[in-house]
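Below is one structure, written out as structure tokens, with a few remarks after it.
In this text, all values refer to a predicted model and were calculated from it rather than measured experimentally. Below, all heavy atoms of this structure are taken into account, side chains as well, without hydrogens, waters or symmetry copies.
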Amino acid sequence: MDLLRKLCFICLFCADFATVINGGYTHYRLPTAIKPKHYDLKIITHLESPENATFNGEVSIELDILEDTKNITLHAKNLTINETQIDLKRLDGDFHWCLEGIEIVSEHDYYIILLCEALLGGGKYELHLNFGSTLNENIQGYFVTTYEDESTNETKWMAATDFQPTYARMAFPCWDEPNYKATFTIWLGHSKSLNALSNMPLDQETPLEGLDNYVWSKFQESVVMSTYLVAFSINEFVSLKSGDNASETEFRIWCRKDKSASCEYAAEVSPKILKYLEEKLKLPNPLKIIDQIAVPNYPSEGMENWGLVVYSESYVYIDSESIEKQFLREYLVNLIAHELVHQWFGNIVTMKWWTDTWLNEGFAKYFGFLAAKDFLADQNTDYNLFLHYLEIVHFDSKLQTHPVSLLVTNATELEQSFDAVSYIKGWLILRMVHIVLGHEAFFQALQAYLEKYQYRNVEQSDLFKEFSKKSRDIGPNMETILYSWTLQPGYPLVKIWRNYEDGSVDISQQRFLTEPRQNSEDADKCWWIPLSYTSSSESDFANNTIKSWLECDERTKNKPLRLYNVAESNDWIIFNIQLSGFYRVMYDPKNWQLITNTLLSDQYTKIHVFNRAQLVGDAIALACNGHQEYDIAFGILEYLSHEYEYPPWKSAWDELEKGSCESILKTIPKYRIYYNAFMRNILKPVFNHVSHSNTTDEGHERTLLRVLISNWAVNVDLEKKSQKDIESFQKWKSLPDPDIVNPIQVYSRKRIYCQALKFGNASEWNFLWQRLQYNSGNSGERKTILQSLNCTSNENLLKSYLHVIFSNECALENDEKQYAFITIINNESGLRLAREFCMKHIEELHTKTDVNFLFDQMASKINTMEDLNTHIQFIQNHRKYFENADDKINMIRENNLSKIQWIEDNLDKIISYLDKRLSRMGVEIANEVN
């Protein structure tokens with residue numbers, strides 16, 4: 001029977017033939033009795049009615065039986081499988097095919113075929129299944145998505161796949177775990193007016209019998225790969241071939257016809273990046289052709305499917321006239337390198353299980369950075385390292401973080417394995433190893449690892465053994481070192497305490513946590529830490545060679561270290577040169593003062609910019625967590641008034657505007673007055689510098705500094721009223737086409753929008769709200785507008801804003817509504833109005849949005865016992881609107897009691913420190929406070 005006739009029966013269910021049972025085998029990993037060897041997969045995609053797009057197909061899977069078994073357990077999700085057409089035959093002997101029943105385990109998406117007769121270990125069998133489903137619109141599995149053709153204004157439809165981590169089972173029945181590698185022969189049935197793409201080059205195209213104007217596109221047999229790397233797409237895109245012959249692999253970039261010119265840069269750099277990776281890794285890419293496709297509405301930045309790399313189109317399309325062209329190109333080089341390095345780390349060598357996701361993502365993140373650094377040598381891309389460091393140093397300091405190597409047993413843990421810990425901490429660990437081993441030994445270890453394990457699955461121990469073979473000259477065993485970084489959560493705080501009389505330096509460690517609570521288990525955690533350092537006499541920040549190790553004892557407990565002759569008594573010492581290790585550093589008060597003296601002088605650039613940035617961030621974070629006094633942090637911060645590099649300012653911003661303690665303090669009006677006055681004096685000279693310097697052809701890092709300083713100026717009311725900014729807004733407002741032309745420079749928009757709304761009226765507010773309705777595709781501009789709408793000083797407008805974002809007519813997406821709410825409660829008046837609004841309209845809000853989210857956000861702003869009691873009492877009186885009300889109340893009480901106690905213990909001291917420093921600056925704010 002031909003495929004089309006067979007598929008006519010796909011929706012039939014024959015109860016007489018097989019019994020469906022729910023339950024049974026419930027382990028989160030598949031049984032190990034069967035190993036798939038090859039899939040012959042045929043799928044027909046129907047896009048004639050895009051609103052109800054469907055696919056159907058059949059798959060024949062060659063199986064190696066490793067031990068006797070009476071069932072076949074594989075994955076299938078949201079698929080209709082025709083039990084009447086299941087077939088099983090033995091390829092190397094006789095076999096009586098008899099189906100006893102079907103068992104479904106929904107928790108793990110298991111489809112279990114129960115057999116009357118056992119499959120014999122050592123045998124080879126072939127399983128045949130027919131299946132079908134609808135193309136989903138959730139961009140998972142096999143999905144359909146739309147786009148507008150700008151040249152014709154037509155709505156177009158396309159189909160594509162996204163199978164990582166566990167979505168291949170939504171497209172065809174399979175062994176959907178990374179260690180079940182197999183080869184694939186893929187046949188795609190589709191309208192002959194459309195293109196078909198898959199992992200391998202097209203082998204042949206033939207008519208599809210029984211369907212007019214349909215063809216089969218059959219692709220060459222694939223290399224051995226995991227199911228999450230299988231990919232295919234049906235589309236009407238056009239392709240651009242790369243003209244550069246840097247690599248022997250042919251590259252094609254597929255994109256919308258109306259956007260083809262915007263894909264040229266991706267086509268240009270891709271083969272060069274592949275050649276760069278081949279030279280670094282000494283293992284040629286095995287594919288003759290690599291297709292890359294820019295998919296509309298794709299939720300991830302990219303996906304490394306072998307031979308068919310998918311990107312979100314928003315990252316691939318670069319307008320040659322764009323003012324952000326330089327940044328976009330830098331980002332795209334990083335992204336393409338990230339996905340192409342996966343062809344080695346992930347595709348050729350694959351982790352056995354998602355526990356070691358970081359082996360894929362850490363390498364991809366690191367090599368993306370290295371490639372961008374080499375390819376864009378005329379630009380400073382190093383700041384990206386520090387930006388990612390800042391992200392993970394905050395993320396990984398929370399109690400809720402997890403180890404790099406995370407045991408994955410369920411969907412929640414699987415989702416966690418794709419977070420910043422795997423990507424960024426994994427990257428920083430690999431960078432640390434690179435520094436410890438040296439360039440040559442590091443790459444020799446990687447080359448040996450890839451050569452040994454190509455087309456196989458690995459655990460992190462396999463990589464560590466290769467590193468260890470190259471570490472015999474450095475002392476500690478690399479396996480021991482690396483397990484301390486991958487098997488426990490968090491990161492260390494290294495404490496430096498100097499004896500200025502005998503010249504000794506005592507060094508110890510403990511886990512750094514954002515939360516002030518720390519138990520003995522946390523205090524006892526220990527990492528093997530490579531120590532690099534320099535003194536003010538040396539000032540050698542170019543050399544990040546490891547000089548000492550802070551070790552753990554045989555019980556993996558902290559083993560203190562004492563060094564001698566590190567520096568003269570009047571020299572400062574700075575550890576962690578250029579962030580060679582992943583840790584925070586705390587110094588004794590005198591060393592902090594010696595560092596501060598240099599930072600406040602015209603010699604501050606003797607200290608590397610990354611170390612200046614770490615000093616700023618560590619000083620504030622350590623004060624926040626009670627390790628040292630705030631006065632040390634404020635002393636460090638004062639130097640920023642002559643700092644014109646981005647990383648130190650970004651470090652200060654993340655701690656002062658987003659940090660856990662500052663988010664508490666900023667809700668207290670009295671503190672806000674002192675803090676704003678202090679920061680205005682520090683910001684003013686830098687604000688004047690970046691506002692008046694030439695912006696032509698400046699690097700992206702300088703633009704980022706402009707944006708940050710401009711936004712911070714808004715937050716602390718640096719300019720009470722800028723007539724120039726207001727005139728810029730009015731000029732834009734008067735244009736006939738303000739949604740097409742916005743003359744306000746991107747980096748100034750938040751400041752100018754806020755100025756206009758703060759000193760304007762309903763006309764300015766409504767104008768900006770209307771721009772939000774029209775800027776549907778520019779997420780960055782939409783975010784800036786949402787941040788600015790709460791700048792109004794008109795409480796009636798804020799009340800209206802609250803009503804409109806939760807009205808049925810509001811076109812904002814739910815995440816934008818939530819973001820708008822967060823920006824409103826960051827406004828002191830807005831927080832009060834939001835509380836009144838939510839409490840008054842709780843019944844109506846419950847039907848429109850997640851009230852748990854709203855009240856959790858407001859709970860984070862509580863700073864007095866009165867506010868805490870009011871908040872808790874409201875939830876108690878309206879518990880029917882809240883999930884797990886008692887648990888929520890207990891959590892809110894616990895979190896806020898410690899916060900209120902922290903305020904009582906620290907607020908007066910902090911304000912006193914600020915008052916003294918403001919007095920020395922000649923700033924008088926008594927009238928503002930009173």
Side-chain angles (χ1 to χ4, degrees), residues 657 663 666-667 669 672 711 714-717 721 725-726 729-730 732-733 738-739 742 744 749-776 778-862 867 870-871 874 881:
E657 292 294 307
S663 65
K666 286 189 297 180
T667 65
R672 190 75 192 178
N711 290 346
V714 172
N715 290 2
V716 300
D717 299 322
K721 185 175 182 179
D725 285 351
I726 292 171
F729 188 88
Q730 294 300 331
W732 178 39
K733 185 169 177 274
D739 297 304
N742 185 343
I744 302 172
R749 285 180 184 175
K750 182 185 175 185
R751 185 187 79 242
I752 292 174
Y753 294 174
C754 270
Q755 283 277 311
L757 268 62
K758 184 175 182 179
F759 298 103
N761 52 37
S763 174
E764 282 69 35
W765 196 95
N766 288 327
F767 171 80
L768 199 58
W769 173 256
Q770 287 301 315
R771 304 292 69 72
L772 189 66
Q773 314 312 307
Y774 289 104
N775 277 277
S776 59
N778 189 334
S779 59
E781 178 68 1
R782 292 179 68 80
K783 188 173 182 179
T784 300
I785 293 174
L786 289 170
Q787 289 172 338
S788 305
L789 286 167
N790 77 309
C791 292
T792 179
S793 55
N794 185 325
E795 291 197 358
N796 288 328
L797 284 173
L798 283 175
K799 289 178 183 177
S800 299
Y801 190 18
L802 284 163
H803 279 279
V804 74
I805 60 176
F806 294 115
S807 69
N808 292 329
E809 293 74 29
C810 181
L812 295 181
E813 298 291 339
N814 188 57
D815 60 337
E816 289 185 320
K817 292 179 181 181
Q818 292 181 345
Y819 185 74
F821 184 80
I822 291 171
T823 65
I824 290 170
I825 65 175
N826 284 335
N827 176 317
E828 190 177 327
S829 299
L831 176 59
R832 171 175 49 80
L833 295 171
R835 281 176 175 153
E836 294 171 0
F837 173 81
C838 291
M839 291 180 177
K840 181 177 180 180
H841 300 282
I842 182 67
E843 184 174 0
E844 180 185 356
L845 286 171
H846 177 66
T847 65
K848 295 179 177 179
T849 190
D850 181 1
V851 295
N852 292 276
F853 174 86
L854 304 184
F855 277 79
D856 287 346
Q857 292 301 313
M858 291 188 293
S860 71
K861 303 294 183 182
I862 290 171
D867 286 346
T870 300
H871 197 90
F874 183 85
Y881 300 117

Report summary line: Residue pairs passing the salt bridge (Lys or Arg N to Asp or Glu O under 4.0 Å) test with at least one member in residues 760-769, sequence neighbours excluded, are none
**Report entry** Backbone N/O of Thr667 and side chain of Arg672: donor-acceptor pair under 3.5 Å
**Finding:** no
**Report entry** Partner residues of Asp850 under the salt bridge (charged side-chain N to carboxylate O under 4.0 Å, His left out) criterion, sequence neighbours left out
**Finding:** none
Query raised in the report: Is there a side-chain contact between Arg782 and Ile785, using heavy atoms and a 4.5 Å cut-off?
Result: no
Query raised in the report: By side chain to side chain contact (heavy atoms under 4.5 Å, CB included), which residues pair with Thr849, not counting sequence neighbours?
Result: Phe806, Asn814, Leu845, Leu854
Report task. Heavy atoms only: give me the nearest Arg751-Val714 pair and the separation to one decimal. Result -> CA-CG2, 3.1 Å
Requested in this report: Could you go through the side-chain contact (heavy atoms from CB on, under 4.5 Å) check for Ile842 and Val851 one step at a time?
Outcome: CA-CA 8 Å; Ile842 182 67; Val851 295; 3.9 Å; yes
Report task. Locate the shortest heavy-atom distance separating Lys721 from Ile726; write the atom from each residue and the value. Result -> CE-CD1, 3.6 Å
Report task. Using the test salt bridge (charged side-chain N to carboxylate O under 4.0 Å, His left out), find all partners of Arg835 that sit at least two apart in sequence or belong to another chain. Result -> Asp867
Query raised in the report: Considering residues at least two apart in sequence or located in another chain, which fulfil the salt bridge (charged side-chain N to carboxylate O under 4.0 Å, His left out) criterion with Lys666?
Result: Glu657
Query raised in the report: salt bridge (Lys or Arg N to Asp or Glu O under 4.0 Å): which pairs involve residues 790-813, sequence neighbours left out?
Result: Glu795-Arg832
Query raised in the report: Got a sec, which residues hit side chain to side chain contact (heavy atoms under 4.5 Å, CB included) with Ile822, two or more places apart in sequence or on another chain?
Result: Asn826, Phe853, Gln857
Query raised in the report: Are the side chains of Ile824 and Tyr801 in touch, meaning some heavy atoms are under 4.5 Å apart?
Result: yes
Report summary line: With sequence neighbours left out, the residues meeting side-chain hydrogen bond (donor to acceptor under 3.5 Å, both in side chains) with Glu844 are Lys848
**Report entry** Minimum heavy-atom distance Ala820-Leu786, with the two atoms named
**Finding:** CB-CD2, 4.0 Å
Query raised in the report: Which is it for Phe821 and Met858 under the side-chain contact (heavy atoms from CB on, under 4.5 Å) test, yes or no, and what are the steps along the way?
Result: CA-CA 10 Å; Phe821 184 80; Met858 291 188 293; 3.9 Å; yes
Query raised in the report: Side chains of Leu772 and Leu812: closer than 4.5 Å at any heavy-atom pair?
Result: yes
Query raised in the report: From Ser800 OG over to Leu789 CG, what is the distance, rounded to the nearest 0.5 angstrom?
Result: 12.0 Å
Query raised in the report: Would the number of heavy atoms belonging to other residues, nucleotides or ligands and lying under 6.0 Å from CD of Glu836 be above 12?
Result: yes
Query - Gap separating the NZ atom of Lys750 from the SG atom of Cys791, nearest 0.5 angstrom - result: 6.5 Å
Which donor-acceptor pairs under 3.5 Å do side chains of residues 753-761 form with protein atoms, sequence neighbours excluded?
{"unit_1": "Tyr753", "atom_1": "OH", "unit_2": "Asn742", "atom_2": "ND2", "d": "3.0"}
{"unit_1": "Tyr753", "atom_1": "OH", "unit_2": "Glu781", "atom_2": "OE2", "d": "2.7"}
{"unit_1": "Gln755", "atom_1": "OE1", "unit_2": "Ser722", "atom_2": "N", "d": "2.6"}
{"unit_1": "Gln755", "atom_1": "NE2", "unit_2": "Glu719", "atom_2": "O", "d": "3.0"}
{"unit_1": "Lys758", "atom_1": "NZ", "unit_2": "Asp717", "atom_2": "OD1", "d": "3.0"}
{"unit_1": "Asn761", "atom_1": "OD1", "unit_2": "Ser763", "atom_2": "N", "d": "2.9"}

**Report entry** Partners passing ring-ring contact (aromatic ring centres under 6.0 Å, His included) against Tyr881 (at least two apart in sequence or in another chain)
**Finding:** His846
Requested in this report: Would you mind reporting whether Cys838 and Phe874 have side-chain heavy atoms less than 4.5 Å apart?
Outcome: no
Requested in this report: For Phe837, check ring-ring contact (aromatic ring centres under 6.0 Å, His included) against everything at least two apart and list the hits.
Outcome: His803, His841
Query raised in the report: For Glu828, which residues count as a salt bridge (charged side-chain N to carboxylate O under 4.0 Å, His left out) partner, sequence neighbours excluded?
Result: none
Query - 4.5 Å side-chain heavy-atom contact, Trp732 and Ile752 - result: no
